[in-house]
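Only a predicted model underlies this, so the values are computations on that prediction, with no experimental measurement involved.
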Amino acid sequence: MSQNNNNNNNNSSNFDTVNHWDKTAENYEGKNDAPVAKILTFFSNELIKRAELNALWLLENDNTQKQQFKYLDIATGTGILAFLLENKIINHYLNNNNNNSIDSNCDNNSIDNSCQQQLLHKQLHLIEGIDYSEGMLQIAERKKKEKNSNLINFQQMNGMNLKFNDNTFDRIFSNFGIIFYSDIVKGLKEIYRVLKPNGGKAIVDSWTEKYPTKATVDVLHNYKTNHNNNHVIDNQTENKEEEKEEKKTYEFLQLADINNFKKYCIEAGFLENNIKIEVIKYNYEITLKEYIDDMILRLSYLPFSEEEFIERVKKVYHVNNLEDKIVIESEANVATLIK
């Protein structure tokens with residue numbers, strides 16, 4: 001295998017920088033049935049399930065003014081959740097024979113942009129997908145064009161400074177997005193601000209200590225820690241910098257503690273009785289080679305050769321061969337927040 005060394009200042013903890021996500025955007029979903037994309041899709045569906053959309057859509061029959069239902073996907077990335085949500089909306093109308101929102105000519109065999117255009121023309125639904133990474137949004141826009149999608153509007157935006165009016169959205173989603181914010185409470189406050197009152201729901205999640213890329217993050221972090229320990233630190237300032245870097249590497253796990261997650265939500269304005277946090281698990285068995293291939297694709301750098309990376313990951317999973325099976329453990333805290 002080829003070398004993939006990089007001696008720049010990038011490191012495995014730069015998840016909160018645009019540069020990291022721009023660099024990994026092209027390979028974010030991996031190839032074919034990539035493990036990480038499959039896991040993200042699973043949890044996206046879990047978030048959508050908790051939005052109770054059918055209950056929301058019942059309001060359409062009681063609303064003579066035909067209000068528009070608005071949805072926000074924060075840190076949309078390449079649009080995994082947004083496109084799943086769009087499909088659910090379209091299928092709802094195709095499968096509801098008593099609903100006159102779209103023509104009967106649109107059936108399950110013709111989920112094309114004509115059906116979407118009818119929904120858009122009637123201004124029934126709008127999905128806003130925002131991300132601060134231009135690279136991620138380029139992929140999302142490309143997929144949008146390929147899918148002839150009309151219900152989704154992608155735009156570049158920082159989730160900690162949303163450019164939307166107060167009380168705008170019926171449902172808000174963020175699939176492992178807010179965990180990478182430099183100020184999570186600020187991001188949650190923005191969610192609270194733009195969420196509609198009297199029943200508006202936000203469904204957001206966080207990894208626990210079990211997340212799909214844990215082996216890779218640990219390998220890279222341990223390498224860097226051992227590398228730094230081999231150099232004598234004479235200066236107290238340098239020592240503090242090392243401690244700061246240690247903390248930053250796992251900063252995205254701030255919400256792994258459910259009590260901490262709930263505390264942040266309360267600080268953002270949500271009432272304690274309107275916060276429900278569930279632990280959802282998804283384990284996925286693949287070969288070590290499949291895992292390695294996926295990680296190599298999405299890593300923006302490696303401080304050593306791919307061969308050494310493979311050997312280090314083998315030790316983590318206690319396997320000897322690339323074709324050996326491993327279990328990718330994924331566990332998330334999924335919060336349903338009501339305003």
Side-chain angles (χ1 to χ4, degrees), residues 16 18 44 47-48 50-53 55-77 79-86 88-89 92 101 116-117 119-134 136-137 140-141 144 149-205 264-271 273-275 335-339:
D16 61 344
V18 175
S44 291
L47 266 61
I48 293 172
R50 284 158 179 75
E52 297 183 333
L53 296 176
L56 173 67
W57 294 333
L58 285 175
L59 298 175
E60 181 184 341
N61 298 326
D62 300 328
N63 188 353
T64 56
Q65 296 181 352
K66 296 294 181 184
Q67 73 166 20
Q68 183 182 54
F69 297 110
K70 293 184 178 180
Y71 317 86
L72 175 62
D73 181 20
I74 298 175
T76 189
I80 292 176
L81 186 146
F83 290 116
L84 288 171
L85 178 59
E86 180 182 59
K88 186 171 180 64
I89 291 169
H92 166 74
S101 298
Q116 298 178 48
Q117 286 171 347
L119 288 171
L120 186 65
H121 177 70
K122 294 175 183 291
Q123 296 184 331
L124 291 174
H125 299 271
L126 175 64
I127 303 168
E128 293 279 2
I130 66 109
D131 202 288
Y132 76 163
S133 166
E134 183 180 357
M136 288 288 185
L137 292 174
E141 288 288 358
K144 178 180 174 180
S149 171
N150 287 292
L151 300 185
I152 307 174
N153 176 49
F154 290 114
Q155 55 181 313
Q156 191 171 16
M157 192 181 301
N158 190 323
M160 292 182 291
N161 186 23
L162 297 173
K163 305 300 182 183
F164 299 112
N165 293 330
D166 296 357
N167 310 322
T168 296
F169 295 98
D170 297 278
R171 297 291 186 268
I172 297 177
F173 306 89
S174 186
N175 193 26
F176 305 114
I178 63 172
I179 57 177
F180 298 114
Y181 287 175
S182 58
D183 188 337
I184 293 177
V185 173
K186 184 177 181 181
L188 287 169
K189 283 182 178 179
E190 280 293 271
I191 288 175
Y192 184 86
R193 180 181 67 79
V194 302
L195 188 63
K196 285 183 181 179
N198 304 318
K201 288 186 179 181
I203 305 92
V204 301
D205 56 8
Y264 281 12
C265 292
I266 292 172
E267 287 181 31
F270 292 98
L271 298 178
N273 290 339
N274 290 337
I275 301 170
T336 302
L337 312 171
I338 302 175
K339 181 176 178 181

Atom [atom1] of [X] with >12 non-hydrogen neighbours under 6.0 angstrom:
{"X": "N165", "atom1": "CG", "result": "no"}
{"X": "K196", "atom1": "NZ", "result": "yes"}
{"X": "D166", "atom1": "CG", "result": "yes"}

Under 4.5 Å between any side-chain heavy atoms of [X] and [Y], yes or no?
{"X": "I89", "Y": "I127", "result": "yes"}
{"X": "L53", "Y": "H92", "result": "no"}
{"X": "D73", "Y": "L85", "result": "no"}
{"X": "I338", "Y": "F270", "result": "no"}
{"X": "L56", "Y": "Y71", "result": "yes"}

Is there a donor-acceptor pair closer than 3.5 Å between any side-chain N or O of N274 and the backbone N or O of L337?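 Between the backbone of L337 and the side chain of N274 there is no qualifying donor-acceptor contact (under 3.5 Å).
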
Could you tell me whether a side-chain N or O of N158 sits under 3.5 Å from a main-chain N or O of Y132, the two making a donor and an acceptor?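 Absent.
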
Closest non-hydrogen atom pair between [X] and [Y], with its separation:
{"X": "A268", "Y": "L188", "result": "CB-CB, 3.4 Å"}
{"X": "K189", "Y": "E267", "result": "CE-O, 3.5 Å"}
{"X": "A75", "Y": "G177", "result": "CB-CA, 3.6 Å"}
{"X": "Y181", "Y": "G159", "result": "OH-CA, 3.2 Å"}
{"X": "E86", "Y": "I152", "result": "OE2-CG1, 3.9 Å"}
{"X": "K186", "Y": "M160", "result": "CE-O, 3.3 Å"}

Working note: D205 + N175, criterion side chain to side chain contact (heavy atoms under 4.5 Å, CB included); need CA distance, chi angles, decisive distance, verdict. CA-CA 6 Å; D205 56 8; N175 193 26; 2.6 Å; yes

Spatial distance of atom [atom1] ([X]) from atom [atom2] ([Y]) [nearest 0.5 Å]:
{"X": "K144", "Y": "L151", "atom1": "NZ", "atom2": "CG", "value": "9.5 Å"}
{"X": "Q156", "Y": "M136", "atom1": "CD", "atom2": "CE", "value": "12.5 Å"}
{"X": "I178", "Y": "C265", "atom1": "CD1", "atom2": "SG", "value": "6.5 Å"}
{"X": "F83", "Y": "S44", "atom1": "CZ", "atom2": "OG", "value": "12.0 Å"}
{"X": "L126", "Y": "N150", "atom1": "CG", "atom2": "CG", "value": "11.5 Å"}
{"X": "F154", "Y": "D131", "atom1": "CZ", "atom2": "CG", "value": "9.5 Å"}

Going by side-chain contact (heavy atoms from CB on, under 4.5 Å), name the residues that satisfy it together with K70, two or more places apart in sequence or in a different chain.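 Testing K70 for side-chain contact (heavy atoms from CB on, under 4.5 Å), a comparison that skips the adjacent residues, returns Q68, T168, F169, D170.
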
Please identify each residue that fulfils side-chain contact (heavy atoms from CB on, under 4.5 Å) with Q155, with sequence neighbours left out.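 With sequence neighbours excluded, Q155 shows a side-chain contact (heavy atoms from CB on, under 4.5 Å) to E128, I130, N153, M157, F164, given in chain and number order.
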
Run the numbers on L72 and L195 for side chain to side chain contact (heavy atoms under 4.5 Å, CB included), then give the verdict. CA-CA 9 Å; L72 175 62; L195 188 63; over 6 Å; no

Walk me through whether Y264 and Y192 qualify under ring pair (Phe, Tyr, Trp, His ring centres under 6.0 Å). CA-CA 12 Å; Y264 281 12; Y192 184 86; over 10 Å; no

K339 and its side-chain contact (heavy atoms from CB on, under 4.5 Å) partner, picked from N167, L271, I172: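 One option only clears the test, and that one is N167.
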
As a quick check of understanding, evaluate side chain to side chain contact (heavy atoms under 4.5 Å, CB included) for L162 and I74, giving each step before the final call. CA-CA 9 Å; L162 297 173; I74 298 175; 4.3 Å; yes

